[in-house]
Structure formats: C-alpha cells, structure tokens
Number of protein chains: 2
Amino acid sequence: MLQHQPSLDLAFQALADPARRAMVERLCDGPASVSELAAPFEMSLSAVVQHIAVLEGAGLIRTAKQGRVRTCQVEPQALRGVEGWINERRLLWERRLDRLGDYLKANPDMPKKDHDQ
Amino acid sequence: MLQHQPSLDLAFQALADPARRAMVERLCDGPASVSELAAPFEMSLSAVVQHIAVLEGAGLIRTAKQGRVRTCQVEPQALRGVEGWINERRLLWERRLDRLGDYLKANPDMPKKDHDQ
DNA sequence: AAATTACTTAAGCAAATGCTTGACTATCGC
DNA sequence: GCGATAGTCAAGCATTTGCTTAAGTAATTT
C-alpha cells in the first residue's frame, strides 16, 4: 500500500484542472464531440484537444473517431480508482477518530503529554 | 455547478503527487512530526516541508508547532470535498448507464445512428 | 554555555503544464 | 471538385512544480 500508483497520479492530476473537471461533468450527461466539449470555453480548440488527451491518458474518458468527428465519453474505471483511494482513507481516519473518541470518553482528564502516537 | 472550485483544484492537485499521497496515508494512521513524515523518503527534509505546505494549503492536513517540533494530522474536510465531487459524478453516470441499459432492452434492434445525445 | 536537534527560508534550476498561433489533413455537403 | 467543417500536429513561450543546496533560527540536551 506504499507503492507508486501511476494511474492514481494521472487521474488526480487530470482532475486538478477546473476545465478538465468541467469536461468530465459535461460527459457525465452523455457523450459529446470535441467541439461540443469545447463550446463552453474561451480557449482555443487546440487547448481543448490537449485537455482531452490528458483525460484520455488518465483513463478517465474514452474517445473514438468516426468520419471527421471524435466522440468522447466517460470511462468509469479510473474514477472508481480515485473513489477507492478516498474511501480507504476515510475508513482509516474515521476508525482512528472513533478510537480517539473512545479514549477521551474513558479518560476525561487527559494529561497534556502522550495524547497519541 | 459549472463554477470554479479552487479548493477542489488544490485538493486534487495535492493528491496527484505520490509522495504527498503517501504522507496522507501515513497521517491516516495518526499524527506525525515533519521528520517522521520525511523518514520514508530519500528527498531532502526541505522538499518534504514543501510538500507539507502544499497539503496544508489544500486544507488536507493541519499542522501546529510546539517547541521545535511541528505535528501534522489529517483534516477530513477537504478529503470530503473530493469524495463529494466523485460521488456526484458516479451518481450521474450510473443513472445514465441505467437509462441506456433500459433503452437497449426496450429496443434490441438498435439502428446504428442516433444511439444517444 | 556549547552542541545537537528540528525545522525554516531563500535562491536557483531543470522539467512539466497550459496555453497560443499557424500550417495541415481528412471528411462532408453541395 | 470545392469550400466549409472537424480535428490534428508542431513550435514556441510564460508559469508552475518539484526538487536541490546553503545558510539561517529557535528549542533541547548535555
């Protein structure tokens, strides 16, 4: 569990950008072409294409070209990976906070040293 | 829902780095000092301090100095924000996939055009 | 008081990111 | 075939990131 997880790196990195997050949000409503994805933004089409490449590289979306239009759609897999990581963490720190709560309940007069760890 | 969410930007960005993610993982087992956090890494202490600053700036951890040692601990709030975003997305695309499934069940002989959107 | 510990701060640097513009290449509708 | 459409590719560039080293400062230990 202390190993590098390149796919997580890429997914978090991809989602760190508000434009890319907005694109994923849009794609959660259904597939869209590159130009449709680009429409809400002021940046160049080229920039949007680069964002799409990042999302696809992170496995967050899948794209396919038919004729001259490339259609994009969300790929649940990578999103699940991110969700999994978060859920694991939450489990751990909730368990920890519970233990701490129990300890405090048991020792209402906690000394100021050695309060944990 | 199409607004910028700087806190999400910062949280995702912070979690995109494997070292920082490892630090959060470590902190889920309980608070730690800067040097304790630094121990598993080969990078300089200075670099670790910078990572800690990023995590704190993203609201993912809280730190406090007492004497000459700074103690770090997870701050559930920001993690919840990330979790929330993911969960919303999952809800949306699961609902979408369900609808698509129903549609396919209703129209087993789907024409190749206009399959969605 | 002197040495050690636990950071802190600043400067510098190579690589990665997020754009831009400009020139192209297919495909579609007429 | 010809022009408009939809996207691709390649530079180039300013900023940000992820480090490093070097020189501090403040709290402990001895």
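We name chains A, B, ... by the order of the sequence lines, and we start the count at 1 in each one. Since the structure is predicted, the reported quantities are computational estimates derived from the model, not experimental observations.
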Expressed in angstrom and rounded to an integer, what is the separation of [X] atom [atom1] from [N] atom [atom2]?
X: A/R70; N: C/dA26; atom1: CZ; atom2: P; result: 14 Å
X: B/L10; N: D/dT16; atom1: CG; atom2: P; result: 13 Å
X: B/E36; N: C/dT5; atom1: CD; atom2: P; result: 16 Å
X: A/I52; N: C/dC19; atom1: CD1; atom2: P; result: 13 Å
X: A/F41; N: C/dT20; atom1: CZ; atom2: C1'; result: 17 Å
X: A/M43; N: C/dT21; atom1: CE; atom2: C1'; result: 16 Å
X: B/Q50; N: C/dG12; atom1: CD; atom2: C1'; result: 12 Å
X: B/F12; N: C/dT17; atom1: CZ; atom2: C1'; result: 18 Å

Value rounded to 0.5 Å, distance of CZ in A/R90 from CZ in B/R80: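 It is 7.5 Å, given to the nearest 0.5 Å.
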According to a strict under-4.0 Å criterion, is [X] in side-chain N/O contact with OP1 or OP2 of [N]?
X: A/H51; N: C/dC19; value: yes
X: B/S35; N: C/dA6; value: no
X: B/K65; N: C/dT8; value: yes

B/Q13 vs A/V69, nearer the 5' end of DNA chain D by closest nucleotide: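 In this pair, the answer is A/V69.
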Sugar-phosphate only, base, or nothing, as touched by A/S46 at under 4.0 Å among non-hydrogen atoms: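 Answer is base: heavy atoms of A/S46 come under 4.0 Å of a base.
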Donor-acceptor contact below 3.5 Å, side chain B/R21 vs main chain B/L15: yes
A/M23 and its side chain to side chain contact (heavy atoms under 4.5 Å, CB included) partner, picked from A/V54, A/V74, A/D17, A/L55: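 Answer after filtering A/V54, A/V74, A/D17, A/L55: A/L55.
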Minimum-distance nucleotide (side-chain atoms of A/D17 versus D/dT21, C/dC7, C/dC19): C/dC19
Aromatic plane relationship, A/F12 with B/F12 - under 30° parallel, 30 to 60° tilted, over 60° perpendicular: tilted
Upstream residue (5' side of DNA chain C) when A/R68 and A/A19 are each assigned their closest nucleotide: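 It is A/A19 whose nearest nucleotide is closer to the 5' end.
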Residue pair A/Q73 / A/P31: nearest heavy atoms and the distance that separates them: CB-CB, 4.3 Å
